Amino acid sequence: MKYYLTTPIYYVNAAPHLGTAYCTFTADLIKRFKIMQGFDPVVLTTGSDEHSRNVEKAAAAAGKAPEEYARVIAEEFQRQWKQLDIGIDHFIRTSDPRHQAVVRDLFLRCQRNGYIEKGSYTGQYCPNDEAYVNDAQPGDPCPDCGRPTETVTEDNYFFKLSTLQDRLLELYEKQPDFVQPDYRRNEIVSFVKQGLHDLSITRTNLKWGIPAPVEGNHVFYVWFDALISYMTAVEGEGLWPADLHLIGKDILRFHAVYWPAFLMAAELPLPKKVFAHGWILNDGVKMSKSRGNIVRPGPLVDLIGADGLRYFLWREMTFGQDGTFSYDALIQRYNADLANGLGNLASRTLSMIQQYRNGAVPGADGAGHVAEASTHMCATALEAFEQLNFSRGLEAIWAFISVLDRFIVERAPWKLNKIPDQAEQTMLDETLYTAAEGLRVVTALLYPVMPGATDNIWKQLGFLTPISAVRLPELHWGKLAAGQKIGQPSPVFPRLEAAPLIEKLEDLEVIEKARQAVLMGKTPEPEAAAAESGTPIAAIAPEIVIDDFVKVDLRVGKVLSAEKVKGADKLLHLKVDIGEPQPRGIVAGIAAAYQPDALVGRKVVIVANLAPRKLRGLTSEGMIVAASLEGGSPVLASFLEDVPIGARLK
Ligand code: MSP
């Protein structure tokens, strides 16, 4: 039986980040889980949402044609999903001519069935969400994103959404899991019960859209264009209707109200389920480009691995609700559950089999109470995964890992090994078999969550068939064959050292940000450009006038002392005299290039009126000026002639 699932198609006016990766990672997990359950084929679609005023504006700001701009960012998304090893089957771009034909067909179907009419709208519009805010008054903010709405008057084509209110309510009633989780379904039901307004589905105030098959210069409203991409992507493959649309809670109304309404009007089959997840928060607010608090997955994957990140996202956050991301929390979780938990179980189990049984799994049934716990754990975890309650599933699996750990400690195989008697040796066989079989079950079950790491453990357990081929019946206790030769044990989750790792992550984040900024046609921030390596010359910052320049107060200072900052390889803490009563404390990222002693007595240039900021618990009261060489290595600005302390640079 087929299973077809989708992620939203992402707007190309922001480059991919952890917030957008969250849904795509989860779709990958579900895909792998569905394959394990025996669905065939399992197909996953994602893509890029390329039209809209926001994209038109972003392209113009970058000095590019929208087509070119969209192509570059769509490629960046594709590159990102590849780097994260996400099993995408279809990447749909809404500028694809094939898609444009499907959108026009949807419109004509709705029109034929009497759901389209010409009309005029005057009211508030949220340009950020590309949505009308029907109840708002001029000056009101958007109730969803809080940004200002604009008053618009448009003569457009309208979709008669109001006529479908009863059919939609009937859908939610008859198919209670159409919208999930339940609390989101309740929100949608009460929204629809309040009454629906007709929806303007064409625009005349922008060019970057799909032309509507009507008189005049109408292009389609971006949401009328975007949703149907889920069908375009699998046209002719017999996969429609989708089994699952995975989306964020902010776009639920479009998926749970407008989308089924369009399909009803066009007499096309409806998707089976829409599941809305929560947001990844950073510093308490949604991680997003506009809030400037984005973390990019690339550096995390490079330094920690995709599996550690994936595990964290589903273990730490309840899927459906908001959750907070931080480097500290990620590293703590990784060390506690992966390095110490699963990693430790794998390495001690495999090493004992290697040492005590010459690398061959001994023949035994396994301890009864552990076998029972395994069966129970599998049932709980599988049910939780089926409901997309990943944190509960992982909790059950880790409770079982604790059972295995306790069992090993109680049996103390290292003691049994020293007693050559038959009874002790049989007991040792049973202990090792139980540990290895428990490890096998856990590893197989965790494959959808951490495909890379589990594949590694699987091979160390001596399996020759790939872990991706495992199906649910193989989770039954006792499938591990006696005599199986295990591979060479090697650590799967090396422990992470928080302080140096965070420093490196922050550095890589700056580089990644600069790379994406260039793609988006923006000038990287000076900090980012300085950190970027290998670029011949960073783009020149946008033009300023003299008034802007004089705002920056650059002064000559003399370094009085310099010392290394504890736990930060790159930072030095300097005391700099700029002629004030007290020297300034400045934290500078120059430790890799300068020995503290060599700096004492040296004249440097500092930005003296920069707002103080805290770095590693130290307040930096200014910034030291340096050129950045290839690889980010700094060279301090200095003078050939003698200059007095406190002199201003103009
Ligand atoms: N283009 C529309 C979707 C059209 S689907 C036919 C869109 N794009 S988006 O790029 O703005 O957002 C895409 C998805 O990313 C949404 O589901 C949104 O919830 C999700 N996320 C963006 N930032 C997020 C977090 N910080 N956390 C979790 N998901 C978030 O809307």
Side-chain angles (χ1 to χ4, degrees), residues 5-27 45-55 58 70 73-74 76-77 80-81 90-95 99 102-103 106 126-131 142 144-145 147 184 209-210 220-233 242 244-260 262-263 271 274-297 309 312-314 316-326 520:
L5 77 161
T6 64
T7 75
I9 53 170
Y10 299 98
Y11 283 135
V12 292
N13 55 342
H17 58 85
L18 194 55
T20 40
Y22 182 47
C23 190
T24 328
F25 264 141
T26 308
T45 284
T46 187
S48 50
D49 197 352
E50 303 189 3
H51 297 119
S52 84
R53 228 159 43 143
N54 286 336
V55 173
I73 307 300
E76 170 67 1
F77 271 99
Q80 178 82 95
W81 305 145
H90 295 291
F91 188 96
I92 180 82
R93 294 185 54 192
T94 53
S95 58
H99 172 64
V102 175
V103 178
L106 173 70
C126 173
N128 179 63
D129 293 346
E130 302 280 2
C142 167
D144 284 333
C145 72
R147 272 169 265 214
R184 298 277 174 222
I210 298 179
F220 283 112
Y221 166 47
V222 65
W223 278 98
F224 191 80
D225 151 2
L227 289 157
I228 192 84
S229 67
Y230 297 141
M231 278 181 88
T232 314
L244 175 66
H245 290 316
L246 211 55
I247 55 161
K249 63 180 184 179
D250 47 328
I251 54 173
L252 179 59
R253 196 178 296 170
F254 300 98
H255 283 80
V257 182
Y258 300 172
W259 179 221
F262 295 158
L263 292 171
V274 174
F275 191 105
H277 60 74
W279 289 335
I280 299 188
L281 310 179
N282 190 6
D283 292 332
V285 286
K286 182 187 180 194
M287 185 180 284
S288 73
K289 183 194 75 157
S290 52
R291 289 181 176 87
N293 61 350
I294 284 172
V295 172
R296 285 132 184 106
L309 176 60
F312 171 82
L313 293 176
W314 299 310
E316 194 86 4
M317 307 183 195
T318 303
F319 197 65
Q321 293 168 20
D322 293 349
T324 294
F325 175 84
S326 75
M520 316 267 316

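Read the numbers this way: they start at 1 and go in the same order the structure lists the ligands and their atoms. Since the structure is predicted, the reported quantities are computational estimates derived from the model, not experimental observations.
- Proximity of a side-chain donor or acceptor of N293 to a complementary backbone N or O of N282 within less than 3.5 Å is detected.
- Residues K249 and D322 have side chains in contact (heavy-atom distance under 4.5 Å, counting atoms from C-beta outward).
- Among protein heavy atoms, atom 27 (N) of ligand 1 sits closest to I280 N, 2.8 Å.
- Ligand 1 has a nitrogen or oxygen under 3.5 angstrom from a nitrogen or oxygen of G248.
- Taking only nitrogen or oxygen atoms, main chain and side chain alike, D49 reaches within less than 3.5 Å of ligand 1.
- Between F319 and L246, the closest side-chain pair of non-hydrogen atoms falls below 4.5 Å.
- Of all atoms in ligand 1, numbered sequentially from 1 with element shown, those under 4.0 Å from a heavy atom of H17 are 23 (N).
- The shortest contact between atom 14 (C) of ligand 1 and any protein heavy atom is with Y10 CE2, 3.6 Å.
- For ligand 1, none of its N or O atoms has an N or O atom of I251 under 3.5 Å away.
- A donor-acceptor contact shorter than 3.5 Å links the side chain of H99 to the backbone of D225.
- Nearest protein heavy-atom contact of atom 21 (N) of ligand 1 is G19 O, 3.8 Å.
- At a threshold of 4.0 Å, the pair D250-K286 counts as salt-bridged, since one of the basic side-chain nitrogens sits closer than that to a carboxylate oxygen.
- Of all atoms in ligand 1, numbered sequentially from 1 with element shown, those under 4.0 Å from a heavy atom of H277 are 28 (C), 29 (N).
- Using a 4.0 Å cut-off to heavy atoms of T20, the atoms of ligand 1 that qualify are 15 (O).
- Checked by distance only, ligand 1 and A226 stay at 3.5 Å or farther apart across all their nitrogen or oxygen atoms.
- The closest side-chain heavy-atom distance from P297 to L309 is below 4.5 Å.
- The closest approach between Y230 and ligand 1 falls below 4.0 Å for a heavy atom of the residue.
- Considering backbone and side-chain N/O atoms, Y11 comes within less than 3.5 Å of an N/O atom of ligand 1.
- Heavy atoms of F254 found under 4.0 angstrom from ligand 1: none, in either backbone or side chain.
- Note: no N/O pair closer than 3.5 Å links H255 and ligand 1 by distance alone.
- In this structure, F262 and W259 have perpendicular ring planes: the angle between them is above 60°, well past the 30° mark.
- Using a 30° and 60° split on the angle between ring planes, H255 and Y230 fall in the tilted class, from 30° to 60°.
- Checked by distance only, ligand 1 and I9 come closer than 3.5 Å through their nitrogen or oxygen atoms.
- Ring planes of F77 and W81: tilted class, angle from 30 to 60°.
- In this structure, atom 26 (N) of ligand 1 lies nearest to the protein heavy atom M287 O, 2.8 Å.
- By the 30° and 60° cut-offs, the orientation of the rings of W314 relative to F25 is perpendicular.
- Contact annotation: W259 has no heavy atom less than 4.0 Å from any atom of ligand 1.
- By the 4.0 Å heavy-atom criterion, G278 is counted among the residues contacting ligand 1.
- Ranking protein heavy atoms by distance to atom 19 (O) of ligand 1, first place goes to D250 OD1, 2.6 Å.
- Regarding atom 23 (N) of ligand 1, its nearest protein heavy-atom neighbour is K286 CE, 3.5 Å.
- At distances below 3.5 Å, at least one donor-acceptor pair connects side-chain atoms of H17 with backbone N or O atoms of G19.
- Side-chain N or O atoms of N54 include one that pairs as donor or acceptor with a backbone N or O of P127 at under 3.5 Å.
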